[in-house]
Amino acid sequence: FGHSGSHAPQLMQSSVIMIAMYFCLSIFRYKCTVNSLKPVLSKLGIWFREQAHTESELLRLAEANNGWFTHESVAKSFQSHGSSLQDELVDKWLDAYQLPDAILADSGKRIGIIMAGNLPLVGLHDMLCALVAGHKVAVKTSRDDTVLPKRVVQEIESIEPALKGRIEFVEGKLGDVDALIATGSSNTMRYFDAYFGHIPHVFRTQRTGVAVLDGEESPEELKGLGDDMFTHFGLGCRSTTKVFLPTDFDLDRCFAAWVPWSFLANNNKYANNYDYHKAIWLLNREELIENGFLLVKEDENWVSPVGTLFVERYDDVGELIKKLSDYKDGLQLVTSRSGATEFTKELSALAPSISQQDLGLAQCPTLSDYADGVDSVEFLLKI
């Protein structure tokens, strides 16, 4: 410290106290910054869980805009987002990053988000990621989901007026953006690359979910598989569109567990898909199993059409794991029963990038379940 005499100990003690206070203040500021958006997200979660599904006009407009967005489907989406925005889960998510003050800070960056419209609010997570990273957000919604995102932003601005204008909806061209997160079909990827390939970006194309059964599944787990398949009519990238079965597995066990979803046959859009593929496959003399609301076909392809399910038999788990690993870039999720620890360990060892979950939880992602395995918040913090 460069001091001598009788005051040196007091000076040293004062300096140590000041340094300690500085570090305590720094930690306090860091924690406050990290959690600056927490109350907003928590209140948004409460709105999703307790109020959103009661807004009958919102539900009516959403379904009028997209026939797949039935009251049940939209309510399921609301509940899923509400569950992910519970206090402890929000804390866990935010505490994993060193974030700016998302409410008061302005990064000066404008992030473009091109949303898909296959599921209600499928692009909300990307929008929240950009918001917590402290950026302005320019959103181009899908024409199939224009109503719900705008209502959610309206609710966010009502909860925290300081965020008003932070998220804008763009009808035409996005304009200048510093980075882009875009979701679309394989055909749209070339356009994304042509227009935005020169800036930091995350491009997401079609992926799907598969399930692996080993014959030890309980009726409740097979019912959960039905939830993974039929929720949102199977239109999501996390939806199970193919099931791998042991050679001697009896499919009647599944049909019994899936009876609660038989009401799907009353939905015109779903029934039209069912009837169309049934007619085509029968004309082609394909071998089918049907139960009145689902067509099951043994097929090596990965993505089955709406109203159908592809299944594939296996007798060698090692070969199956190799097959899943080879197709890892096309998989969003692999589900299996909770007790299939050997399978999950071996798959993780060979293909750690493949996300895994228990049967019945495919449609319940958390805030940390990033699409395609790309951490959106990390990506946005580096912009």
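The figures here come from the full heavy-atom set of this structure, side chains too, leaving out hydrogens, waters and symmetry mates.
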Kindly say whether Ala116 contributes a backbone atom to a donor-acceptor pair with the side chain of Thr183 at under 3.5 angstrom?
no
N/O donor-acceptor pair under 3.5 Å between Arg110 side chain and Asp176 backbone:
yes
Between Leu131 and Arg166, is a side-chain contact (heavy atoms from CB on, under 4.5 Å) present by the stated rule, with each step listed?
CA-CA 8 Å; Leu131 196 63; Arg166 185 70 62 86; 3.4 Å; yes
Hydrophobic clustering (ILVMFWY, side-chain heavy atoms < 4.5 Å, transitive) - are Tyr195 and Phe192 grouped together?
yes
Is Ile114 reachable from Val170 through a run of I, L, V, M, F, W or Y residues, each pair having side-chain heavy atoms under 4.5 Å apart?
yes
Which value, rounded to the nearest 0.5 Å, describes the distance between His135 atom NE2 and Ile113 atom CD1?
10.0 Å
Between OH on residue Tyr97 and CG on residue Asp375, distance to nearest 0.5 Å
3.5 Å
To the nearest 0.5 Å, how far apart are CG in Asp315 and CG in Leu320?
10.0 Å
Check: Ala271 main-chain N/O paired with Asn266 side-chain donor or acceptor under 3.5 Å:
no
Does Gly360 offer a backbone N or O that forms a donor-acceptor pair with the side chain of Asp228 under 3.5 Å?
yes
Heavy atoms from other residues, nucleotides or ligands near NZ of Lys297 exceed 12 (cutoff 6.0 Å)
yes
Go through the steps for His53 and Phe78 under the test ring pair (Phe, Tyr, Trp, His ring centres under 6.0 Å), then give the verdict.
CA-CA 7 Å; His53 66 280; Phe78 288 163; 7.9 Å; no
Do the side chains of Val132 and Leu85 join up, straight or via other hydrophobic residues, at under 4.5 Å, putting them in one cluster?
yes
Within 6.0 Å of CD in Glu287, more than 12 heavy atoms from elsewhere
no
Hey, what do you get for CD1 (Ile111) to NZ (Lys136), rounding to the nearest 0.5 Å?
12.0 Å
Evaluate the salt bridge (Lys or Arg N to Asp or Glu O under 4.0 Å) criterion for residues Glu72 and Lys76: first the C-alpha distance (whole Å), next the side-chain angles of each, then the deciding distance (0.1 Å), finally the verdict.
CA-CA 6 Å; Glu72 294 82 5; Lys76 174 69 176 178; over 6 Å; no
Under 4.5 Å between any side-chain heavy atoms of Leu347 and Ile354, yes or no?
yes
Do side-chain atoms of Asn272 reach the backbone of Asn268 as a donor and acceptor pair under 3.5 angstrom?
yes
For a quick check under 3.5 Å, do Ser348 and Gln356 share a side-chain donor-acceptor pair by atom type?
yes
Could you tell me whether Lys150 and Glu171 make a salt bridge, using a distance below 4.0 angstrom between a side-chain N and a carboxylate O?
yes
Within the distance-only criterion (no hydrogens, no angle test), does the side chain of Arg49 pair as donor or acceptor with the backbone N or O of Gly82 below 3.5 angstrom?
yes
Exercise answer: donor-acceptor pairs, residues 305-313 side-chain atoms, under 3.5 Å, sequence neighbours excluded:
| from | atom 1 | to | atom 2 | distance (Å) |
| --- | --- | --- | --- | --- |
| Thr308 | OG1 | Pro305 | O | 2.7 |
| Glu312 | OE1 | Lys242 | NZ | 2.5 |
| Glu312 | OE1 | Lys323 | NZ | 3.2 |
| Glu312 | OE2 | Lys323 | NZ | 2.5 |
| Arg313 | NH1 | Pro246 | O | 3.2 |
| Arg313 | NH1 | Thr247 | O | 3.4 |
| Arg313 | NH1 | Phe249 | O | 2.7 |
| Arg313 | NH2 | Phe249 | O | 3.4 |

How long is the span from the OG atom in Ser73 to the CZ atom in Phe230, to the nearest 0.5 Å?
14.5 Å
Rounded to the nearest 0.5 Å, how far does NE2 of His277 lie from CD1 of Ile280?
8.5 Å
Okay, side chain of Glu157, backbone of Gly165: is any donor-acceptor separation there less than 3.5 Å?
yes
Does Pro219 offer a backbone N or O that forms a donor-acceptor pair with the side chain of Glu221 under 3.5 Å?
no
Validation row, ring centre His201 to ring centre Phe196 under 6.0 Å:
no
Give a yes-or-no answer on whether the side chains of Gln363 and Ser239 include a donor-acceptor pair shorter than 3.5 Å.
yes
Is the shortest distance from a Lys or Arg side-chain nitrogen in Glu319 or Lys322 to a carboxylate oxygen in the other one below 4.0 Å?
no
Could you tell me whether a side-chain N or O of Asn267 sits under 3.5 Å from a main-chain N or O of Phe263, the two making a donor and an acceptor?
no
Please indicate whether Asn301 has more than 12 foreign heavy atoms, meaning atoms of other residues, nucleotides or ligands, lying under 6.0 Å from its CG.
yes
OH (Tyr276) with more than 12 external heavy atoms under 6.0 Å
no
Do Ile46 and Ile156 sit in one hydrophobic cluster, given that two such residues count as connected whenever their side-chain heavy atoms are within less than 4.5 Å of each other, even indirectly?
no
Given the rule in the side-chain contact (heavy atoms from CB on, under 4.5 Å) test, do Leu213 and Leu225 qualify, once you have shown the distances and angles that lead to the verdict?
CA-CA 10 Å; Leu213 307 185; Leu225 171 60; 4.1 Å; yes
Side chains of Trp47 and Val152, heavy atoms from C-beta outward: is any pair under 4.5 Å?
yes
Test side-chain contact (heavy atoms from CB on, under 4.5 Å) on Asp214 and Ser336 and set out the steps.
CA-CA 8 Å; Asp214 62 8; Ser336 60; over 6 Å; no
Just to verify, what does Tyr327 make a ring pair (Phe, Tyr, Trp, His ring centres under 6.0 Å) with, not counting sequence neighbours?
Trp302
Taking only Lys NZ, Arg NE, NH1 and NH2, and the carboxylate oxygens of Asp or Glu, determine whether Arg207 and Asp372 approach each other closer than 4.0 Å.
yes
For residues Ile289 and Phe255, determine if any side-chain heavy atom of one lies less than 4.5 Å from a side-chain heavy atom of the other.
yes
Among Val139, Leu121, Ile181, which residue satisfies the side-chain contact (heavy atoms from CB on, under 4.5 Å) criterion with Met115?
Val139
I'd like to know if Lys43 and Glu160 make a salt bridge, using a cut-off of under 4.0 Å between side-chain N and carboxylate O.
no
Assess whether atom CD of Glu88 is packed by more than 12 heavy atoms of other residues, nucleotides or ligands within 6.0 Å.
yes
Report yes or no: does Lys140 contribute a side-chain atom to a donor-acceptor pair with the main-chain N or O of Lys173 at less than 3.5 Å?
no
When every non-hydrogen atom of Thr205 is compared with those of Ser185, the smallest separation belongs to OG1-C, 3.7 Å
